[in-house]
Amino acid sequence: FPLAYICPAVLCYYLFDSNPKQGMFYGFCFGFAMFIFGTSWVYISFHEFGKAPAVIAMGITVFIVMIMALPLSLVGFITSSMSRPTKHASKHRKNALIALCVFPPLWLFSEWCHRFFHAPFLFLGYTQMHTSLYNAAPIIGVYGLSLITATGCGALALIFHTNNWKHRSYLSLALLLPLILAFAFKGTQWTNIHSKALPIAIVQGDVDQNFKWNIKYRRSILQDYFQQTKKVIKSKSLVILPEAAIVANPKKIPGYMQKIKGLAISNHAHIIVGAITRQHNKKYNSLLLIGKDTGIYHKRHLVPFGEYTLLPGIFAPIFKLVDFKEPNLAFGNYDQQNLSYNDVNIAPLICYEVAYSNEVLQHMANKNIIVAISDNSWFGRSIALDQLLQMTMMRAKETGRYVLAANNLGVSAIISPRGKLIKTANVGKRTTISGKVHAVTGSTPLMKWGYWPTWVACFLLLIFAFFKRKKIHD
């Protein structure tokens, strides 16, 4: 986590004395470097598994990274514009205003913009999961943690920018005080954990992506998943298999699906499994609930290029040129049927839907546990696996719910309502993990308020900065 303070602080330090054009350039370069390293798995997905030529894969990756870096170029432009010296203000006073009132809200705005680019990754808030600030996640969420961290970065930059020791002491307090105050929430349980234990098991298939959709291996893959499920299923348990574990249209393998259902019913249990389904001439990335209680959930947030074509006017011709199979999955409806088993309501998430904090919060009403299935084998053994686990842990902390994460390659995990790992499976290993969780009711402060307090705080900081600068300038 130290780099999460040091790197943005260095950017902020240089923005203090830059003109707007320089600030825009510095912001863009910072964003490009951050995302080229932080999302390098995009190249792996296109080249190694999408079979796109290296040049094309690199070109698409660089294009995506450049788009993702644009919000930070805007941060650099505005910050440096407002930090330009005035005739009546000292350099220190001017920089203090920018560092503590302008830079943090702008940084948070840049993170919010990534939602529209379908890339809500690399938020500053995630870097605080091993600090005391993590205790405040059920109150202010990942965006609130990002705002506080960005404020600390601005304070740190100004500590090295000023020679006034009195000001340095105030800035040090602004940097450390949130970390200290967050200790007050350590151990606070915002939600109600029911006493009845729910036996669960998670199956990690470790199916090679190069063979997963090859019809020659379909029978063996399905049989392996059935045998693993049979080994761990218990009376009244919930067994969870990864995203698209059913490597065929369920309607075309009725015998196998009936076999799975029979296994569940005979044990008074339920099975959750991912599959690509077809309805009304559309293909969906779906989650199936099988057993006495049944249901289906279609993924709402699809992965650009992997599941649908982003900017088809630009990329569809490129896909045809390099013989890259264009994805054609359909988006699931916003409102879908409630999934529940034995009166336990499930909040289903598929793949990187877990990255969208706002959407997860909106769909947590009356939900008792979160089930997240995914298949990160598209990205190889890259940092994408740890990033997804990190985001999944944050959703558990924000909602105060147990999260059951089943991943084909890893990391499959059972996560506590405090956002801590209870059990995990080793990456790249065909294995299972079992345990017991509890249904949870009630709401965290974040579930009640959402992110409105955070955005109001940003708005007030910017308004204060604007009028303060106007007063100084006049």
I need the minimum non-hydrogen distance between Val303 and Cys351, along with the two atoms involved.
CG2-SG, 4.2 Å
Heavy-atom donor-acceptor pair, Asn135 side chain to Ser132 backbone, under 3.5 Å:
yes
Side-chain (Asn368) to main-chain (Val440) donor-acceptor, under 3.5 angstrom
yes
Audit row: Glu359, Arg115, salt bridge (charged side-chain N to carboxylate O under 4.0 Å, His left out) steps and yes/no
CA-CA 11 Å; Glu359 283 78 357; Arg115 293 174 62 246; 3.1 Å; yes
Would you call Asn338 and Asn345 a side-chain contact if the rule is heavy atoms closer than 4.5 Å?
yes
Ring centres under 6.0 Å, that's the criterion: do Tyr13 and Phe160 meet it?
no
Any side-chain heavy-atom pair of Tyr134 and Met394 under 4.5 Å
yes
Can you check whether His114 and Phe109 have ring centres sitting under 6.0 Å from each other?
no
Tell me, which pairs form a side chain to side chain donor-acceptor pair (under 3.5 Å) where one or both residues lie in residues 27-44, sequence neighbours left out?
Trp41-Gln387
Just by modelled atom types, is the Phe77 backbone N or O under 3.5 Å from a matching donor or acceptor in the Tyr26 side chain?
no
Whether Gln128 side chain and Gly125 backbone form a donor-acceptor pair below 3.5 Å:
no
Compare all side-chain heavy atoms of Val102 with those of Leu461 and state whether any distance is below 4.5 angstrom.
no
According to side-chain contact (heavy atoms from CB on, under 4.5 Å), who are the partners of Thr432, at least two apart in sequence or on a separate chain?
Val203, Gln228, Val232
In Ile369, Ile433, Thr392, Leu198, the residue satisfying side-chain contact (heavy atoms from CB on, under 4.5 Å) with Leu404 is Ile369
Side chains of Pro20 and Ser81, heavy atoms from C-beta outward: is any pair under 4.5 Å?
yes
Listed once per pair and sorted, the side chain to side chain donor-acceptor pair (under 3.5 Å) pairs that draw on residues 437-460, sequence neighbours left out:
His194-Thr441, Ser357-Tyr451, Glu398-Tyr451
Nearest 0.5 angstrom please: Lys282 NZ to Phe331 CZ, how far?
11.0 Å
Taking atom CD of Gln337 and atom NE2 of His298, what is their separation to the nearest 0.5 Å?
8.5 Å
Minimal non-hydrogen separation, Arg430 against Gly205, with atom names:
NE-O, 3.2 Å
Residue set satisfying side-chain contact (heavy atoms from CB on, under 4.5 Å) with Glu353, at least two apart, ordered chain then number -> Tyr297, Lys299, Arg300, His301, Leu349, Ile350
Tell me whether Phe32 at atom CZ has more than 12 heavy atoms from other residues, nucleotides or ligands lying less than 6.0 Å away.
yes
Between Arg418 and Thr188 the two heavy atoms that sit nearest each other are NH1-O, 3.5 Å
One should read off an interatomic distance between Ser146 OG and Glu111 CD, to the nearest 0.5 angstrom, of 3.5 Å
Here the side chain to side chain donor-acceptor pair (under 3.5 Å) pairs for residues 370-382, sequence neighbours left out, are Gln209-Asp375, Gln209-Ser377, Lys212-Asp375, Ser374-Asn407, Asp375-Ser377, Asp375-Asn408, Ser377-Asn408
Candidate pair Met393 and Leu389, rule side chain to side chain contact (heavy atoms under 4.5 Å, CB included), full reasoning:
CA-CA 6 Å; Met393 293 169 65; Leu389 178 62; 4.1 Å; yes
Is it the case that more than 12 heavy atoms not belonging to Met66 sit under 6.0 Å from its CE atom?
no
Ignoring hydrogens and angles, tell me if any N or O in the side chain of Gln336 forms a donor-acceptor pair with the backbone of Asn333 under 3.5 Å.
yes
Inter-residue atom distance Leu74.CG - Leu106.CG, 0.5 Å rounding:
7.0 Å
Can you name the nearest heavy-atom pair linking Asp206 to Gly428, along with the distance?
OD2-O, 3.1 Å
Taking the six-membered ring for Trp, is the centroid-to-centroid distance between His363 and Tyr334 below 6.0 Å?
yes
Validation row: Ile422, Ile415 side chains within 4.5 angstrom (heavy atoms):
no
On a heavy-atom basis, which atom in Leu421 and which in Ala413 lie closest, and how many Å separate them?
CD2-CB, 4.0 Å
Check: Asn426 main-chain N/O paired with Gln204 side-chain donor or acceptor under 3.5 Å
yes
Side chain to side chain contact (heavy atoms under 4.5 Å, CB included), that's the test. Do Phe30 and Cys7 meet it? Break it down for me.
CA-CA 9 Å; Phe30 185 94; Cys7 293; 4.0 Å; yes
Leu329 vs Tyr284 side-chain heavy atoms within contact, under 4.5 Å
no
Going by heavy atoms in the side chains, are Tyr402 and Ile370 under 4.5 Å from each other?
no
Kindly compute the distance separating CZ (Phe121) from CZ (Phe123), expressed to the nearest 0.5 Å.
9.0 Å
Looking only at atom types and distance, does a side-chain atom of Arg401 sit under 3.5 Å from a main-chain N or O of Ala396, one as donor and one as acceptor?
no
Quick one: pull up CD1 in Ile202 and CD1 in Ile240 and give me the separation to the nearest 0.5 Å.
5.0 Å
Any heavy-atom pair between the side chains of Leu241 and Ile246 that's under 4.5 Å?
no
Set of residues satisfying side chain to side chain donor-acceptor pair (under 3.5 Å) with respect to Asp208, sequence neighbours excluded
Asn210
Looking only at heavy atoms, the pair that brings Ala4 and Cys153 closest together is O-SG, 3.3 Å
Using side chain to side chain contact (heavy atoms under 4.5 Å, CB included), reason through Leu145 and Leu124 one step at a time and then give a plain yes or no.
CA-CA 7 Å; Leu145 297 184; Leu124 277 181; over 6 Å; no
Say whether Ser18 and Ser80, considering side chains only, have a donor N or O and an acceptor N or O under 3.5 Å apart.
no
Counting N and O atoms only, with roles assigned by atom type, does the side chain of Lys423 sit under 3.5 Å from a partner on the main chain of Gly435, one being a donor and the other an acceptor?
no
Working note: Ile200 + Val239, criterion side chain to side chain contact (heavy atoms under 4.5 Å, CB included); need CA distance, chi angles, decisive distance, verdict.
CA-CA 6 Å; Ile200 63 96; Val239 182; over 6 Å; no
